[in-house]
Number of protein chains: 2
Amino acid sequence: MNLKEYIMQTTLSNINVKDILKKANLKITPQRILILEVIKEKGHATIDDIYNQVKKQYPSISIATVYKNIHNLYEKGVLREINPQKDKAFYEITIYNHSHFICTSCHNIYDIEPCDNQIIQQCFKEIPGKISELELNVYGICENCAKK
Amino acid sequence: MNLKEYIMQTTLSNINVKDILKKANLKITPQRILILEVIKEKGHATIDDIYNQVKKQYPSISIATVYKNIHNLYEKGVLREINPQKDKAFYEITIYNHSHFICTSCHNIYDIEPCDNQIIQQCFKEIPGKISELELNVYGICENCAKK
DNA sequence: CTTATTGCAAAGGTTTTGCATCGCT
DNA sequence: AGCGATGCAAAACCTTTGCAATAAG
């Protein structure tokens, strides 16, 4: 099973970080393992989140290493990027095609179930090309923040 | 008619840049007019697009002025931001709620008709909060690039 | 005339790069 | 042993800020 098949058919809790690195043809280093573990743990993490968290367990890590690895893993398709309006980029492990609910109050990101692409495409009269991917971000106030 | 009502009910070609500035309580300066004209002309423009284009007609403009104005206009709701995956932010005049088709080959952005939010919300089993806005980006290869 | 806006230059932040060293496989 | 990955420091970007001069209403 190749990388794409492996990550798209699994769930976050079942993901094995070392398997991903092997399938991506990347050497297994403690820095990489920790970077992916942090993203897996948090669900959605910024560069700062990752750097600060990994540094706790591996103080000698350099921010350059974080950037290089995030870039590599993104290029290989292991990570996806989420760009909320006027906020920093977040990274997540590409598990399956899902969407995001972004709370404009606490800035948390919640995964929401995949939306049927067929249905979305039917909403549009005309699309000027061939679709390869949909990115749907839903903004609002999450239930936690609404309570306050 | 207030700013929000004015920009949401008009079309790009009908937009009067000076009216927008008046309704936004911003002084009408040549720099501001040009900035908005460039965005209107291009449809979707990056900071660099705007700076380079305005400079042709107004060479003394400073990049700081561009940043300050984009920021102001965004805060007032005149502009919206589009953040394509691994690309710079683009700005557009907020006319009505529409979506974007982003060509992964030529990086052009095409406006597509608004998708019915009701329909989209029905796609999701559960959403962890109250929705205020939807942002839908469609990635693919545009017809122009497909021909090549 | 008053106050917002501009342009400049400096500061602050973020991301990338080159290179010598280190460590997976 | 060989080649890719790391860490460091510098460089390259990108964005914001403070302030004096200028221009809009």
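Naming: A, B, ... by sequence-line order, numbering from 1 per chain.
Under a 4.5 Å side-chain heavy-atom criterion applied to ILVMFWY residues, the cluster that includes B:I109 comprises B:I82, B:F90, B:I102, B:Y139 as well.
Note that CG of A:L73 and CG of A:L79 are 5.0 Å apart. Values are rounded to the nearest 0.5 Å. For the atom pair CG of A:N16 and CD1 of A:I33, the computed distance is 9.0 Å after rounding to the nearest 0.5 Å.
Between chain B and DNA chain D, the heavy-atom contact criterion of under 4.0 Å yields a 5' to 3' nucleotide range of D:dC14 to D:dG25.
Using a 4.5 Å heavy-atom threshold, the side chains of A:L36 and A:L21 count as touching.
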Salt bridge (charged side-chain N to carboxylate O under 4.0 Å, His left out) between A:K42 and A:E37, intermediate numbers included | CA-CA 9 Å; A:K42 297 205 64 154; A:E37 291 289 3; over 6 Å; no

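Taken residue by residue, residues 32-52 of chain A places heavy atoms nearer than 4.0 Å to DNA chain D at A:R32. Taking a 4.0 Å limit (strictly below) on heavy-atom distances, residues 54-86 of chain A reaches DNA chain D at A:Y58, A:S60, A:I61, A:S62, A:A64, A:T65, A:K68, A:N69.
Counting only N and O atoms by type, the side chains of B:H44 and B:D111 include a donor and acceptor under 3.5 Å apart. For the residue pair A:H98/A:E92, the side-chain donor-acceptor check at 3.5 Å is satisfied. B:N83 and B:E81 form a side-chain donor-acceptor contact under 3.5 Å, judged by distance and modelled atom types alone. Side-chain contact annotation: B:Y74 with A:Q85, donor-acceptor N/O pair under 3.5 Å present.
In the hydrophobic clustering of ILVMFWY residues, with side-chain heavy atoms under 4.5 Å counting as a link, B:Y96 and A:I127 come out apart.
Under the side chain to side chain contact (heavy atoms under 4.5 Å, CB included) criterion, A:A24 pairs with A:L3, A:L26, A:K76, A:V78, sequence neighbours left out.
Few gaps surround NZ on A:K86; more than 12 heavy atoms of other groups in view lie less than 6.0 Å from it.
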Polar atom pairs between nucleotides 21-23 of chain C and protein, under 3.5 Å, N or O only, would you list them?
from, atom 1, to, atom 2, distance (Å)
C:dG23, N2, A:K27, NZ, 3.4

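No contact: B:K22 has no heavy atom under 4.0 Å from any strand.
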